[in-house]
Amino acid sequence: MRTEYDVVVVGAGVAGCMAAAALGTRIDGSRVLLVDRNPRGEVGKKTKLGWICGDAVGEHHAKFVYDELGITFGPPEIENRVKAITVCSPDGKLSHPFEGAGYVLDRPKFARRLLTEALKRGVEYRELTQAIDLLTEDEFVAGVVCQRAGANQTESYKVTSKIVIDASGMSTKLRRNLEIPSLIEKEIDRDDIEPTIRLNARLADGLKVDTSQCKIYLDAEKAPGGYLWIFPKASDKLNIGLGVQQKRTNKSLQSLLNEWIAETPLLKNMTKLTDDGNLPGAWPVSVRHQNDSLVANGFMLAGDSAWFPNPISAGGIGPAMTGGVIAGQVAAVALETGDVSESALWDYNTGYVEKYGKKTAALEAFRIYLQTLDNSELNYGMRNFVTNKEAVAFTWGEVPELSFADKIRKAALGLRKLSAFRNLAYSISKMSTLNQLYEEYPTTPSGFAEWKKKVDAILNAVKARFR
């Protein structure tokens with residue numbers, strides 16, 4: 001078995017396959033090894049129960065992949081195209097747009113399609129293989145220790161490489177056990193993780209939904225600190241689920257989901273689906289900004305390993321596609337120049353921040369504020385404090401331009417909710433400061449420590465106010 005490569009990509013999920021495909025586009029694909037713990041037919045599977053996610057991705061992420069790699073997506077991996085994602089108030093009387101056009105995926109087929117694109121470019125794929133540790137040499141990551149997944153024996157073997165890209169998931173041991181000096185954060189706060197549960201289902205005969213939009217429902221009672229969703233795959237086929245902030249409920253995810261289904265006429269008597277072994281299941285998701293440094297000497301993070309999911313929506317497919325491509329492109333350039341140091345890989349940090357990451361800290365601050373609101377405050381705020389235009393701005397991490405007169409008028413409309421309004425104004429202020437900081441993201445590692453102190457200070461202040 002070959003044990004020397006230029007790059008080892010750990011994890012053949014969305015980010016891993018995209019990174020491998022981008023590498024194979026720029027360099028000889030045979031120099032790239034992609035490993036995954038699943039069998040090939042179940043590539044990227046998160047648990048034994050399936051590919052646990054909402055199956056939705058924004059069209060702009062797919063366009064980025066096409067622009068950079070020439071890859072297009074369509075049926076069968078795309079089941080439905082939507083015009084928008086809308087957020088609905090707890091009382092159901094109001095909704096605001098969340099994001100623009102996008103796709104609802106057949107997740108197993110999408111995973112296999114991504115692997116196919118990497119293999120087309122000559123990348124070597126090794127199934128049923130886990131990377132259980134990193135090799136280091138002279139303060140550089142120099143490869144991985146691999147083991148056959150699920151094997152009874154404890155035999156392991158070493159694979160050397162110039163770069164390791166860790167795309168193996170949020171709980172990866174590789175990031176947490178990184179021994180060389182680096183600017184990478186190794187651990188995530190428990191409050192920045194939300195447990196989620198989802199299932200795919202066929203509606204009862206005669207029941208249909210509007211397939212043009214995905215719907216997110218804010219409800220501090222049914223999904224404390226999170227939200228519920230209905231994403232249509234067809235007029236009678238749905239991906240439904242919910243996510244919560246664990247400390248805000250004593251109920252299990254399954255209980256919350258069962259209660260919601262029982263109270264929702266649309267979902268009564270539906271049939272749970274298990275297409276391709278994609279069973280109902282639960283999975284934890286990060287809801288914070290990405291790791292502020294994604295690189296170290298010979299080492300890169302991508303996807304869930306780097307905390308890429310959107311802090312508001314917890315959507316991780318799109319950021320993983322975008323980040324995976326950028327990681328692969330930067331790694332290829334580093335190999336071509338013969339320099340795989342943290343400084344040489346730093347363009348991945350700046351590239352991802354510019355393309356997507358610069359908005360996520362502001363989104364994290366807004367998410368922390370939202371999680372403090374009860375249903376009456378959510379209803380009132382969506383009706384009086386936030387217009388459609390402002391809602392779109394918030395959910396893209398932008399700061400709405402509220403004039404002073406508008407602020408006074410909106411505060412006067414709801415004196416009983418003045419504290420919630422003051423907290424909204426505070427959040428907007430912190431979002432603005434964070435956005436400005438990310439416009440000034442350091443172009444080299446030398447300025448990172450001071451910049452990072454400023455970011456952490458603001459987010460810690462937001463947490464201290466609302467937690």
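We number each residue from 1, following the sequence as shown. These numbers were taken from a predicted model, which means no experiment stands behind them.
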Chi angles and distances behind the salt bridge (Lys or Arg N to Asp or Glu O under 4.0 Å) call for E117, R113: CA-CA 6 Å; E117 292 298 332; R113 171 67 194 284; 3.0 Å; yes
Between [X] (side chain) and [Y] (backbone), is there a donor-acceptor pair under 3.5 Å?
X	Y	answer
T337	A334	yes
T172	G169	no
R26	A22	no
N239	F231	no
K158	G143	no
D36	E127	no
Q371	G225	yes
T249	K251	yes
Y369	V462	no
W451	L437	yes

With sequence neighbours excluded, residues passing side chain to side chain contact (heavy atoms under 4.5 Å, CB included) with K162: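 Here the qualifying residues are D6, L335, V340.
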To the nearest 0.5 Å, tell me how far [X] [atom1] sits from [Y] [atom2].
X	Y	atom1	atom2	result
T116	Y125	OG1	OH	10.5 Å
L203	L266	CG	CG	5.0 Å
L257	I197	CG	CD1	5.0 Å

Using only heavy-atom distances, determine whether the side chains of [X] and [Y] contain a donor-acceptor pair under 3.5 Å.
X	Y	answer
S30	D28	yes
N278	R198	yes
S341	S343	no
T136	E179	no
N435	E439	no

Ring geometry between F73 and F110 (parallel below 30°, tilted from 30 to 60°, perpendicular above 60°): tilted
If every non-hydrogen atom of [X] is compared with every non-hydrogen atom of [Y], which pair is closest and at what distance?
X	Y	result
I163	L345	CD1-CD2, 4.2 Å
S252	S255	OG-OG, 2.9 Å
L228	A223	CG-CB, 3.9 Å
E364	K463	OE2-CE, 3.7 Å
S293	Y441	CA-OH, 4.3 Å

Are [X] and [Y] packed together at the side-chain level, in the sense that at least one heavy-atom pair is separated by less than 4.5 angstrom?
X	Y	value
R40	L119	yes
K46	W51	no
E185	K452	yes
W307	R175	yes
Q245	V287	no
I230	Y217	yes
D304	P309	yes
L178	V141	yes

Option from V144, I132, L33, I165 for which side-chain contact (heavy atoms from CB on, under 4.5 Å) with V10 holds: V144
Residues D192, R467; criterion salt bridge (Lys or Arg N to Asp or Glu O under 4.0 Å); working and verdict: CA-CA 12 Å; D192 292 330; R467 289 183 176 175; 3.3 Å; yes
Of R112, R107, K45, the residue whose pairing with D276 passes salt bridge (Lys or Arg N to Asp or Glu O under 4.0 Å):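 The residue from R112, R107, K45 that satisfies salt bridge (Lys or Arg N to Asp or Glu O under 4.0 Å) with D276 turns out to be R112.
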Test side chain to side chain contact (heavy atoms under 4.5 Å, CB included) applied to L199 and I240, step by step: CA-CA 6 Å; L199 58 86; I240 68 170; 3.7 Å; yes
Test log, rule salt bridge (Lys or Arg N to Asp or Glu O under 4.0 Å), inputs D275 and K233: CA-CA 13 Å; D275 302 347; K233 292 171 173 280; over 6 Å; no
With H61 via ring pair (Phe, Tyr, Trp, His ring centres under 6.0 Å) - residues at least two apart: Y356
Verdict with reasoning, E68 to T25, per side chain to side chain contact (heavy atoms under 4.5 Å, CB included): CA-CA 10 Å; E68 298 299 317; T25 301; over 6 Å; no
Full working for side chain to side chain contact (heavy atoms under 4.5 Å, CB included) between I180 and F140: CA-CA 7 Å; I180 64 171; F140 274 72; 5.7 Å; no
